[in-house]
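Numbering of ligands and ligand atoms starts at 1, following listing order. Atom set for the values below is all heavy atoms of this structure, side chains included, hydrogens, waters and symmetry mates excluded.
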Amino acid sequence: MSANNVRIAINGAAGRMGRALINAALVTPGAKLSAAVERANSPELDTDAGNLVGLPASGVELGADLAAALAASDVLVDFTRPEATIAALAACVKAKRAMVIGTTGMTPEQKAKIDAAAKEIPICMAANFSIGVSVTMKLLELAAKTFGNTVDVEIVETHHKHKLDSPSGTALVMGEVVAQATGRNLKDVALYGREGQVGARDRNTIGFATIRGGDVVGDHTVMFLGEGERLEITHKATSRLNFAQGAIRTAIWLSGRKPGFYSMREVLGL
Ligand code: NAD
């Protein structure tokens with residue numbers, strides 16, 4: 001292991017994403033798992049992070065002391081819940097550590113706090129750290145610009161039954177990409193459900209449909225529905241490891257950058 005490996009702390013380490021992140025941090029060249037943080041009453045505290053994910057012992061035990069974890073790390077990767085992320089944000093600003101934020105479902109006030117913190121530390125926040133989804137966003141921009149306002153746009157997403165927020169953060173970003181590319185403001189045109197006598201479809205709207213169930217990691221389809229043809233752009237995640245690999249790649253890229261708010265597009269050079 002090189003001395004230059006980026007030291008990565010994971011917040012929410014016992015969660016579904018936290019476990020995938022431990023895995024990715026332990027196997028990605030250039031990364032070193034330096035700390036694994038959980039909430040104070042987590043039953044997994046004191047468990048070795050490697051053992052938690054079925055790998056040999058890593059020497060890093062899950063702990064609840066975020067300040068100590070940051071002192072031993074270059075970057076915090078946070079996939080928790082919005083309130084926990086905002087608490088970790090303050091700790092990262094205090095310790096001057098970079099932060100990768102994967103948690104979704106932030107309120108506008110919470111987003112504003114993250115923007116303000118990005119004046120003091122480097123932050124990359126993405127609703128979806130999968131590399132395939134970043135490529136999908138680029139394709140959506142191309143399709144939306146080319147079709148302009150000649151088609152109806154509908155976004156359908158499916159996730160596992162435990163997901164708390166809806167529609168998914170990724171679906172909302174997809175809507176924003178399409179809205180921006182066609183001179184619309186998503187806030188004004190998003191339609192989050194239909195029931196009863198809703199009348200004919202207004203072309204200006206962007207519709208969202210949400211499906212929840214089972215163990216689906218994350219499927220997104222954006223439909224461009226025109227007269228005589230329709231284009232569907234679909235991304236399917238089959239394992240959480242793809243988000244984790246993207247987040248760890250981002251953490252390595254982010255370490256040592258100057259303060260600012262960075263996007264996955266910048267990380268991937270898209
Ligand atoms: P999860 O509930 O399985 O895991 C969350 C973990 O955070 C839990 O282990 C919980 O104990 C821990 N936690 C809660 N409060 C904490 C605190 N104060 N300090 C430390 N740990 C704390 O959820 P998940 O499925 O892993 O998803 C986590 C978040 O990541 C969600 O917001 C989800 O939407 C998001 N997500 C983002 C991406 C992406 O690519 N951006 C991909 C998948 C999931």
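With a 4.0 Å cut-off on non-hydrogen atoms, N11 touches ligand 1 through its side chain and not its backbone. Counting heavy atoms closer than 4.0 Å to ligand 1, residue A126 contributes backbone atoms (N, CA, C, O) but none from C-beta onward. At a 4.0 Å heavy-atom cut-off, ligand 1 touches A127 through the backbone alone.
The protein heavy-atom contact nearest to atom 40 (O) of ligand 1 is F129 N, 2.8 Å. If you check which protein heavy atom lies closest to atom 18 (N) of ligand 1, you get A84 CB, 3.4 Å. Nearest protein heavy-atom contact of atom 30 (O) of ligand 1 is F79 CD2, 3.6 Å. At the shortest separation from atom 32 (O) of ligand 1 among protein heavy atoms lies T104 N, 3.0 Å. Looking only at heavy atoms of the protein, atom 21 (N) of ligand 1 is closest to R39 N, 3.4 Å. Ranking protein heavy atoms by distance to atom 26 (O) of ligand 1, first place goes to M17 N, 2.8 Å. Nearest protein heavy-atom neighbour of atom 4 (O) of ligand 1: G15 CA, 3.3 Å.
Considering each of M264, R16, E38, R19, the one bringing a non-hydrogen atom nearest atom 8 (C) of ligand 1 is E38. The residue from T80, V217, L164 that puts a heavy atom closest to atom 31 (C) of ligand 1 is T80. The heavy atom nearest to atom 36 (N) of ligand 1, out of those in A14, G105, G102, A237, is found in G102.
The ligand atoms of ligand 1 that sit less than 4.0 angstrom from a heavy atom of F243 are 40 (O), 42 (C), 43 (C). The distance from ligand 1 to the heavy atoms of K163 drops below 4.0 Å at these ligand atoms: 34 (O).
When all heavy atoms of L164 and R81 are compared, the pair lying nearest together is CD1-NH2, 3.4 Å.
In summary, the side chains of S168 and H220 do present a donor paired with an acceptor at a separation below 3.5 Å, with no hydrogens or angles considered. Side-chain N/O atoms of D165 and T104 include a donor and acceptor closer than 3.5 Å. For the residue pair S263 / R265, no side-chain donor-acceptor distance below 3.5 Å is found, with atom types taken as modelled.
Put simply, the side chain of P108 does not reach to within 4.5 Å of the side chain of K111, judged on heavy atoms. Inter-residue side-chain proximity for N41 and R39 is flagged as met; some heavy-atom pair is nearer than 4.5 Å. Between L140 and F224, the closest side-chain pair of non-hydrogen atoms falls below 4.5 Å.
Salt-bridge check for E120 with K94: failed, with every basic side-chain N at 4.0 Å or more from each acidic carboxylate O. Using a 4.0 Å cut-off between charged side-chain N and carboxylate O, E154 and R201 make a salt bridge.
Between V37 and ligand 1, not a single N/O pair is under 3.5 Å apart.
Each of T85, D78, T103 was evaluated against N11; a single residue qualifies, D78, per the side chain to side chain donor-acceptor pair (under 3.5 Å) test.
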